[in-house]
Amino acid sequence: MRLGASRFVAGESFDEAVRVLRDLNQKGLRTNTTLLGEGVQDEATVRAVVDEYKRDLDRIAQEELTTNIALKLTQLGLNMSPDLAYRSVSEIVSHAAGLGNFIRIDMEDSPLVDDTLRIYQRLRADGHDNVGTVLQSYLYRTPDDLKTLEPLHPNLRLVKGAYLEPAHIAYPEKSDVDRAYIDLAERMLTNNPFTAIATHDERIIDHVRGYAARHGYGNDRYEIQMLYGVRPQYQLDLARTGQRILIAA
């Protein structure tokens with residue numbers, strides 16, 4: 001496991017990451033972070049990942065950082081067993097709850113969407129409220145998935161989608177992905193208690209901010225999420241307007 005890759009993550013060790021996360025917080029930016037690595041195929045490594053995330057959550061609390069954790073379920077054994085992944089993520093979510101922190105379950109490629117959403121729904125049914133997940137606008141299925149999740153009043157991150165998917169599963173044209181993103185963003189802002197708008201697309205960000213302003217949705221209802229090292233000045237400029245910004249570092 002490595003926490004670090006080029007300029008888009010916070011460091012090769014969590015000590016290095018803490019320095020970056022603190023600097024971002026001091027600039028008025030919220031943050032999340034993650035351990036790189038997915039597709040884990042043995043329980044010993046899953047156990048090590050769970051323990052590392054718990055240590056990181058403890059360190060975040062000790063350092064008083066405004067930082068939460070994002071993780072992938074295949075890093076927690078989903079490819080071996082959905083029950084193993086559930087037990088592992090539930091342990092992390094419970095540990096985070098005791099520290100007043102939040103866990104975001106990232107979405108992976110389309111064959112894993114059903115298992116990921118089922119695990120998220122199971123966590124919520126078991127009383128875990130400090131957990132959210134991710135929907136991808138390029139998948140045709142996403143409007144239906146959102147409808148299924150809406151009764152949970154979910155905390156969701158909306159992304160365009162980064163995996164190579166076939167045309168019968170995902171929109172192949174960027175214009176269609178963008179249109180779906182805007183439609184989903186408006187629906188999520190209207191119906192959900194909190195929405196993370198994860199994009200660097202300035203046109204979409206402007207549209208979302210305008211829609212939120214017209215409907216009176218403030219920082220308690222949504223934030224813009226961007227990657228560490230991508231357009232840092234733009235991130236700061238948005239934050240200086242009072243916009244809530246989270247940097248994935």
Side-chain angles (χ1 to χ4, degrees), residues 32 34 38-39 68-79 81-83 85-86 88-90 92-93 102-199 201 204-205 207-208 211-212 215 217 221-225 246 248:
N32 71 20
T34 190
E38 52 194 88
N68 59 55
I69 294 291
L71 52 77
K72 288 183 169 61
L73 291 180
T74 60
Q75 196 178 33
L76 298 174
L78 181 58
N79 288 341
S81 162
D83 283 340
Y86 175 79
S88 301
V89 72
S90 180
I92 296 168
V93 169
F102 175 83
I103 302 298
R104 175 79 63 190
I105 300 173
D106 279 333
M107 190 58 71
E108 300 180 66
D109 56 345
S110 59
L112 299 172
V113 172
D114 283 327
D115 280 337
T116 300
L117 295 182
R118 278 194 288 264
I119 287 172
Y120 173 68
Q121 290 169 297
R122 185 177 171 188
L123 287 165
R124 294 298 309 279
D126 287 348
H128 296 291
D129 295 327
N130 64 314
V131 61
T133 191
V134 178
L135 295 179
Q136 302 167 107
S137 73
Y138 72 164
L139 296 181
Y140 302 136
R141 63 174 290 168
T142 298
D144 290 333
D145 289 335
L146 178 56
K147 183 177 181 180
T148 298
L149 294 178
E150 281 175 341
L152 299 176
H153 305 291
N155 181 319
L156 298 175
R157 172 195 284 158
L158 180 62
V159 302
K160 291 185 181 181
Y163 294 90
L164 183 62
E165 301 284 2
H168 69 278
I169 289 175
Y171 293 110
E173 298 296 330
K174 180 182 182 300
S175 59
D176 292 324
V177 176
D178 291 353
R179 188 178 305 109
Y181 192 105
I182 288 171
D183 289 345
L184 289 162
E186 291 183 355
R187 181 170 153 190
M188 290 161 73
L189 287 165
T190 300
N191 297 327
N192 296 348
F194 191 81
T195 301
I197 301 296
T199 182
D201 188 324
I204 288 179
I205 290 172
H207 179 94
V208 166
Y211 182 87
H215 291 82
Y217 303 146
R221 291 286 294 270
Y222 83 105
E223 70 185 3
I224 306 298
Q225 297 191 349
L246 180 142

Item to check | Derivation of the side chain to side chain contact (heavy atoms under 4.5 Å, CB included) call for Phe102 and Asn32 | outcome: CA-CA 10 Å; Phe102 175 83; Asn32 71 20; over 6 Å; no

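- At least one donor-acceptor pair under 3.5 Å links the side chain of Tyr140 to the backbone N or O of Ala167.
- Checked against side-chain contact (heavy atoms from CB on, under 4.5 Å), Asp129 has the following partners two or more places apart in sequence or in another chain: Arg124.
- Annotation for Pro154 and Tyr120: closest pair CB-OH, 3.4 Å, computed over non-hydrogen atoms.
- Rounded to the nearest 0.5 angstrom, Thr199 OG1 and Ile204 CD1 are separated by 5.0 Å.
- At distances below 3.5 Å, at least one donor-acceptor pair connects side-chain atoms of Tyr138 with backbone N or O atoms of Tyr163.
- Taking the side chain as every heavy atom from C-beta outward, Leu158 and Met188 approach each other to under 4.5 Å.
- Listed for the Asn192 side chain is no donor-acceptor partner under 3.5 Å among the backbone atoms of Thr195.
- Of the inter-residue distances, the one linking Leu149 atom CG with Asp144 atom CG reads 11.0 Å to the nearest 0.5 angstrom.
- Under the 3.5 Å distance criterion, the side-chain polar atoms of Ser137 are matched with a main-chain donor or acceptor of Val177.
- Arg157 is not listed as a side-chain neighbour of Met107, based on a closest heavy-atom distance of 4.5 Å or more.
- Atom CG of Leu156 sits about 11.0 Å away from atom CZ of Phe194, to the nearest 0.5 Å.
- Across all their heavy atoms, Pro82 and Ile119 have their closest contact at O-CD1, 3.8 Å.
- The two residues Tyr171 and Ala180 come nearest to each other via the heavy atoms CE1-CB, 3.9 Å.
- The structure places CG of Leu112 at 6.0 Å from CG of Asn79, a figure rounded to the nearest 0.5 Å.
- Counting heavy atoms from C-beta outward, Val131 and Val89 have side chains that stay 4.5 Å or more apart.
- Interatomic distance, CZ of Arg187 versus NZ of Lys147, reported as 7.5 Å (0.5 Å rounding).
- Side-chain atoms of Arg221 come within 3.5 Å of backbone N or O of Leu189 as a donor-acceptor pair.
- Taking the ring-ring contact (aromatic ring centres under 6.0 Å, His included) definition, one finds that Tyr217 meets it with His215, sequence neighbours left out.
- Under the 4.5 Å side-chain criterion, counting only non-hydrogen atoms from C-beta, Asp115 is not in contact with Glu108.
- The minimum heavy-atom distance between Gln225 and Ala196, with the atom names listed, is NE2-CB, 3.3 Å.
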Next on the checklist: side chain to side chain contact (heavy atoms under 4.5 Å, CB included) for Val113 and Gln136? Distances and angles first, verdict last.
Outcome noted: CA-CA 10 Å; Val113 172; Gln136 302 167 107; 4.3 Å; yes

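- Although no hydrogens or angles enter the test, the distance criterion places a donor-acceptor pair under 3.5 Å between the side chain of Arg104 and the main chain of Asn155.
- Distance alone, capped at 3.5 Å, is enough to place a donor-acceptor pair between the Glu165 side chain and the Ser110 backbone.
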Item to check | From CA spacing to verdict: side chain to side chain contact (heavy atoms under 4.5 Å, CB included), Asn191, Leu146 | outcome: CA-CA 10 Å; Asn191 297 327; Leu146 178 56; over 6 Å; no

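- Counting only heavy atoms from C-beta outward, the side chains of Asp145 and Leu139 never approach each other to under 4.5 Å.
- Contact between Gly77 and Ala85 at its shortest, heavy atoms only, is C-CB, 4.2 Å.
- Between the CG atom of Leu123 and the CG atom of Asn130 there is a distance of 9.0 Å, given to the nearest 0.5 Å.
- His153 pairs by the ring-ring contact (aromatic ring centres under 6.0 Å, His included) definition with nothing, not counting sequence neighbours.
- Looking at heavy atoms from C-beta onward, Leu135 lies in side-chain contact with Leu117 at the 4.5 angstrom threshold.
- Counting heavy atoms from C-beta on, the side chains of Lys160 and Asp201 come closer than 4.5 Å.
- With contacts defined as side-chain heavy-atom distances shorter than 4.5 Å, the pair Val134/Thr116 does not qualify.
- A side-chain donor-acceptor contact under 3.5 Å links Thr34 to the backbone of Ala70.
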